[in-house]
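Heads up: the structure comes next, in structure tokens.
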Protein chains: 2
Amino acid sequence: MGTVDVPEATVARLPQYLRALSVLAEAGLRTVSSEALAEAVGVGSAKLRKDLSHLGSYGTRGVGYDVTGLHRQIADRLGQATPWNVVIVGIGNLGHALAGYGGFADRGFRVVGLFDDGPQVVGEVVGGVRVRPLSELDRVVHPGETIGVLAVPAEHAQDVCDRLVAAGVRSVLNFAPAVLRVPDGVDVRKVDLASELQILAFHAQRRGVRGNVPARVPSLGPVTERVGEVV
Amino acid sequence: MGTVDVPEATVARLPQYLRALSVLAEAGLRTVSSEALAEAVGVGSAKLRKDLSHLGSYGTRGVGYDVTGLHRQIADRLGQATPWNVVIVGIGNLGHALAGYGGFADRGFRVVGLFDDGPQVVGEVVGGVRVRPLSELDRVVHPGETIGVLAVPAEHAQDVCDRLVAAGVRSVLNFAPAVLRVPDGVDVRKVDLASELQILAFHAQRRGVRGNVPARVPSLGPVTERVGEVV
DNA sequence: ACGACTTTGTGCATGGCTTCACAAGAGCCT
DNA sequence: AGGCTCTTGTGAAGCCATGCACAAAGTCGT
């Protein structure tokens, strides 16, 4: 059970569960109920249990889940048994930040290559890794084992993506606001920072006319608190 | 029609449509069919049409949509008639990059404030804006009109978020891998960079055993091309 | 050993989103 | 004017995901 069919929505939550479990483990907890874990992640407990059931994960009824056991199980599913190699292409503002971001190493990723064709950038060392020209992609990418991160301007995104794929990259995280065409068998995820703001703006716009704000949150007396996005 | 009930899934695609329309407009196109626009964004044409129908948008049958007209209509919906103010809290690696990111200004956002309590950072100027201590939040935030971007470590996220809300921020974009509790009426979106990589890793893991890669993409002869994520 | 209590795993109903398929409308050519 | 072609807008069907409610299964205390 749980070998093939894990729903996409569930997959998207697994990293959240994993992180929450790390925190609980460090706090010394040995077991955790679906209720408590769900609360920590901000989802419903039924959803959590169904998600875990897709993994074929076994908790113990009446007790809950073994924290470290469940952690290892999810980590295995995410391929975190050994760290993944990551190359970042485009060492501009964003690329710099990603190269220096500590959050990757903590979660099973190793930045093994930085690439840019700008003459001023090549040779610079960011986070202990030297920036190389794109022509050296093949020397660093292990086909199928390396995730490519695209942090180049939109107009170069497709071109650079093609070169990544040619070098053997099969998973791409794209920060450029552009649609990428990739051959069958290559997986692309897109993160568009401006879009996220625009989605927030849409809701803010609808909430009330700009500036016409219906009262500030009272600074004393706890409000009924909710998790996540509302209207 | 199209006043209240725009499905969330549709909202998430509006920024994509808007961007594609900008490109088409610059290319001099006057009208575009749902087929062509959908192709440019990488979605199905039926989905696009249904999305637009939720806006009450009128195209002309037999012809398509007026490019600039549709652009303005979507921009209005996203509240882009006048630019939104954005404050960024946490000027570390990521905050720096976001502060200097040109992509925001292009899409209707103005960075009006940078905040950090680190003594080395305060006073620094990034992208023409000076970094201030968090105590000055109130001076910059116009209640209800300002979007807050959280780029602080996870352990400070909740605390800083509370201060943003207290200052009148009602829309928060959270880059910290932490769950935020906010009062009713505040909208939070989360971007977790490591999670995105983990999701890619999951699919890569499932695709085949690590390193056991089933043949490289042939370098000559166009492959049947697909858009987006596969397998 | 047994009953009370706790918590998982899941069948089922509900709702939202996507996809298909097509009628209604708009232009164009003869 | 009439018919042809093109494209939109939308009913209807199907699919995926969420949430409820409860039986099965295990623990704990007596």
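Here is the naming used below: chain letters follow the sequence lines, and residue numbers restart at 1 for every chain. Treat the numbers as computed from the prediction; the structure is a model and nothing was measured.
When each of B/Pro7 and A/Glu35 is assigned the nucleotide of DNA chain C with its nearest heavy atom, A/Glu35 is the one assigned upstream, toward the 5' end. In terms of position along DNA chain C, the nucleotide closest to A/Ser34 lies nearer the 5' end than the nucleotide closest to the other residue of the pair A/Ser34 and B/Ala9. For A/Val63 and A/Lys47, each mapped to the nucleotide of DNA chain D holding its nearest heavy atom, the one lying further toward the 5' end belongs to A/Lys47. Map A/Gly62 and B/Thr60 each onto its nearest nucleotide of DNA chain D; the residue landing nearer the 5' end is B/Thr60.
The one candidate from B/Arg13, B/Arg107, B/Arg19 that meets the salt bridge (charged side-chain N to carboxylate O under 4.0 Å, His left out) condition with A/Asp192 is B/Arg107.
Picking from C/dT8, C/dT18, C/dC17 the nucleotide with the shortest atom distance to the side chain of A/Tyr65 gives C/dT8. Comparing C/dC22, C/dG9, C/dA23 by their closest approach to the side chain of B/Arg61 singles out C/dA23. The side chain of B/Arg13 sits closest to C/dT18 out of C/dT18, C/dG9, C/dC17. Of the listed nucleotides (D/dT10, D/dA17, C/dC17), D/dT10 has the atom at the smallest distance from the side chain of B/Arg49.
In this structure, A/Leu52 places its CG atom 13 Å from C1' of C/dT7, rounding to the nearest Å. With rounding to whole Å, A/Leu48 atom CG is found 15 Å from D/dA17 atom C1'. Atom CG of B/Leu70 is separated from atom C1' of D/dT7 by 15 Å (rounded to the nearest Å). Here C/dG9 presents its P atom at 9 Å from OH of A/Tyr58, a figure rounded to the nearest Å. Atom CG of A/Leu14 and atom P of D/dA17 are 13 Å apart (whole Å). Atom-to-atom, NE2 of A/His54 to P of C/dG11 comes out at 11 Å; the value is rounded to the nearest Å. Atom P of nucleotide C/dA26 and atom CG of B/Asp66 are separated by 16 Å, given to the nearest angstrom. When rounded to the nearest whole Å, the span between CG of B/Leu55 and P of D/dG9 equals 11 Å.
A salt bridge between B/Glu196 and B/Lys190 is absent, with no side-chain N of the basic residue lying under 4.0 Å from a carboxylate O of the acidic one.
Side-chain N/O atoms of A/Gln80 and A/His71 include no donor and acceptor closer than 3.5 Å.
With hydrogens and angles ignored, a donor-acceptor pair closer than 3.5 Å exists between the side chain of B/Lys50 and the base of C/dT19.
The shortest distance between side-chain heavy atoms of A/Ile199 and A/Phe202 does not fall below 4.5 Å.
Nucleic acid contact for A/Gly44: none, since no nucleic acid atom lies under 4.0 Å from a heavy atom of the residue. Across all strands shown, A/Gly59 has heavy atoms under 4.0 Å from sugar-phosphate atoms exclusively, and none from any base.
With hydrogens and angles disregarded, no donor-acceptor distance shorter than 3.5 Å links the side chain of B/Glu35 to the backbone of B/Ser45.
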